[in-house]
Protein chains: 2
Amino acid sequence: MAASKDHGSDTPDAVAASLAEATVVRLPVYFRGLVELAEEGVTTVSSQQLAELAGVNAAKVRKDLSYLGSYGTRGVGYDVGFLMQQIGRVLGGNEPAPVVIVGAGNLGKALSRYDGFGASGFPVAAIVDADPGVVGRRIAGVTVRHVDDLHRVVKETGCQVGIIATPAAAAQGAVDRLVAAGVRSILNFAPTVVTVPDDVGLRKVDLATELHILGYYEHRRGAARATG
Amino acid sequence: MAASKDHGSDTPDAVAASLAEATVVRLPVYFRGLVELAEEGVTTVSSQQLAELAGVNAAKVRKDLSYLGSYGTRGVGYDVGFLMQQIGRVLGGNEPAPVVIVGAGNLGKALSRYDGFGASGFPVAAIVDADPGVVGRRIAGVTVRHVDDLHRVVKETGCQVGIIATPAAAAQGAVDRLVAAGVRSILNFAPTVVTVPDDVGLRKVDLATELHILGYYEHRRGAARATG
DNA sequence: TAGATTGTTAATCGATTAACAATC
DNA sequence: TAGATTGTTAATCGATTAACAATC
């Protein structure tokens, strides 16, 4: 939490640093709702309307938005365009954050060619692989380099996000190298859970964990069906 | 929470249903630590050791494991193999949960061929696409069907997990169809945040949201560097 | 018995929600 | 002014943690 709620005297970055993770998770959802409204030509939105679009309650919307600043107008609501600007700014202002993909197999190649990352502001700036036969090839305009050069590649390209697209057995090693090279975020597509040092600020998204959780819900549902 | 903590009289499924989401998220991480120990031939582990492997504290490990039942031995620790069995059982017992992939473009094809899903217990049982020119082709042994048949495909294959690999513009439509068809979990790879009805139990993982969060941490880190 | 470690309680912390004064 | 809606407070809820009695 910020020591002060007087955002008028805080820098935008100080505001950003003070956001609870739970709030950060919801901001993109609000953002999408605002985009929808903007496309429809709507210029003002109440917390109640935005809550319905985001699937949360109005109190949460107001609380979340209040951390960004007092950008609403009592009795009226929020200006759609202005709120989009503010959320976009806090979430990283669309400054592209280049990513490095580790593993140029089927998945790695597909992810490299997938324009979704670039569209989300995460252009693929580097690809590495352990197979010397693949090193030197170009994929989607990027030349594959050897995984042993990962540290150097990360420094050269300024990548701060690593995407693991290796086989399960190589995933933890790739993570360790990425961490050593200084990336701050890791998206792990390998079918295994990997661990990162209990460092400050390193954010990891583990597809295997997510799948396990989905599996749990599946299982629970089956159980509910069986017992209820 | 379960009304009772007497797991001896609860069915395994009733135990599973009572787990807090925060605990469910950590179980696969413990599981990986246990796999590591088992590979090294270790047969007993203390909450402290497991905590270090998982990057959490020992109290949390004991609390989490206590929801599964009293499977430890005071003064000794936990049996590695037995604990793996218990966690595996609660998380869904390795029963495969077939998935349907929506979108047979570059990403959809790569995900279809990617054996990581199958390895994690999520075999790809169906693929659908909107392009009639793609319908009928076989990808990794699965024949592509038309997205208009999604409801029927889901019913036929028993898929309960949907993976969105469409362009951003088609993602929300795909989600709506999946929800209508009755899937209970959605993994969205499209570069946009999608919303689902505020239904009971539908679990959604949004890669765009995850990327936004990663972006936030990047941004925050840059801000810290700039101001600190 | 002495040492070790669990399982659980109680305290703390943070996030959610309802309610309402402020105010457009 | 009357109605609407924000921003914030205070209450509630749930998750985390420290501490320790139970017990191997």
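Note that the structure is predicted; figures quoted are calculated from it, not measured. Here is how names work: the chains are called A, B, and so on, in the same order as the sequence lines, proteins then strands, and each is numbered from 1.
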Check whether B/Asp115 reaches the backbone of B/Gly118 with its side chain - one donor and one acceptor, N or O, closer than 3.5 Å.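 Not at all, since once roles are kept as given, no pair shorter than 3.5 Å links the two residues.
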Are OP1 or OP2 of D/dA4 and a side-chain N or O of A/Tyr78 less than 4.0 angstrom apart?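 For D/dA4, neither OP1 nor OP2 has a side-chain N or O of A/Tyr78 closer than 4.0 Å.
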Whole angstrom value for the distance that separates P of D/dG14 from OH of B/Tyr67: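 In whole Å, D/dG14 P and B/Tyr67 OH are 12 Å from each other.
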In whole Å, what is the span from the OH atom of B/Tyr71 to the P atom of D/dT23?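 These atoms are roughly 19 Å apart.
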What class does the angle between the rings of B/Phe189 and A/Phe189 fall in, given that below 30° is parallel, 30 to 60° is tilted and above 60° is perpendicular?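 Parallel.
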Please check if the side chain of B/Lys204 supplies one atom and the backbone of B/Val194 the other of a donor-acceptor pair under 3.5 Å.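 Pair found, side chain donor or acceptor close to backbone of B/Val194.
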To the nearest 0.5 Å, how far apart are CD1 in B/Ile164 and CG in B/Leu107?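 Going from CD1 on B/Ile164 over to CG on B/Leu107, the span is 11.5 Å.
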By side chain to side chain donor-acceptor pair (under 3.5 Å) - contacts of B/Arg177 (at least two apart):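 B/Arg177 satisfies side chain to side chain donor-acceptor pair (under 3.5 Å) with B/Asp148 once adjacent residues are dropped.
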Within this structure, what is the CG-to-C1' distance between A/Asp79 and D/dT5, rounded to whole angstrom?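 Those two atoms, CG and C1', are 15 Å apart.
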Pairwise side-chain contact, A/Thr157 with A/Pro98, heavy-atom cut-off 4.5 Å (strictly under):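 Sidechains of A/Pro98 and A/Thr157: no contact.
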How many Å lie between NZ on A/Lys60 and P on C/dT17, as a whole number?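 Computing the A/Lys60:NZ to C/dT17:P distance gives 4 Å.
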Using the side-chain contact (heavy atoms from CB on, under 4.5 Å) rule, pick out the option among B/Met84, B/Arg62, B/Gln86, B/Gln49 that qualifies with B/Tyr78.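 Single side-chain contact (heavy atoms from CB on, under 4.5 Å) partner of B/Tyr78 among B/Met84, B/Arg62, B/Gln86, B/Gln49: B/Arg62.
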Taking only heavy atoms on the protein side, list every residue of residues 34-47 of chain A lying under 4.0 Å from any atom of DNA chain C, sorted numerically.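 Correct list: empty, so none.
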Looking only at atom types and distance, does a side-chain atom of A/Thr23 sit under 3.5 Å from a main-chain N or O of A/Leu19, one as donor and one as acceptor?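 No.
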Tell me: CD of B/Gln48 to C1' of C/dA4, nearest whole Å?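 It is 12 Å, rounded to the nearest whole Å.
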Consider the side chain of B/Ser66, meaning its heavy atoms from C-beta on, and name the nucleotide among D/dA10, C/dA15, C/dT8 that approaches it most closely.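 Looking only at side-chain atoms, B/Ser66 lies closest to C/dT8.
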Between D/dA15, D/dT9, C/dA18, which nucleotide has the shortest distance from any of its atoms to the side chain of A/Asn57?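 Per side-chain heavy atoms of A/Asn57, the pick is C/dA18.
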Let me know the distance between CZ of A/Arg62 and P of C/dA22, rounded to the nearest Å.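 Going from CZ in A/Arg62 over to P in C/dA22 covers 16 Å.
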Rounded to whole angstrom units, what separation is found between the CD atom of A/Glu52 and the P atom of D/dT5?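 One finds 12 Å between P of D/dT5 and CD of A/Glu52, rounded.
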Less than 4.0 angstrom between a side-chain N/O of A/Arg26 and OP1 or OP2 of C/dA15, yes or no?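 The answer is no; no side-chain N or O of A/Arg26 sits under 4.0 Å from OP1 or OP2.
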Atom OH of A/Tyr30 and atom CG of A/Leu65: how far apart are they, to the nearest 0.5 Å?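 Answer rounded to 0.5 Å: 6.5 Å.
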Between A/Gly75 and B/Gly75, name the one whose nearest nucleotide on DNA chain C is closer to the 5' end.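 By nearest-heavy-atom nucleotide position, the 5'-most residue is B/Gly75.
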Could you give the NZ-to-C1' distance, from A/Lys63 to C/dC20, as a whole number of Å?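 That distance rounds to 14 Å.
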DNA chain C: stems of at least 3 consecutive Watson-Crick or G-U pairs, cut-off 3.5 Å?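 Stems found: C:3-24 with D:3-24.
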Choose from D/dT17, C/dA21, D/dC24 the nucleotide whose nearest atom is closest to any side-chain atom of B/Arg74.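 Nearest to the side chain of B/Arg74 among the choices is D/dC24.
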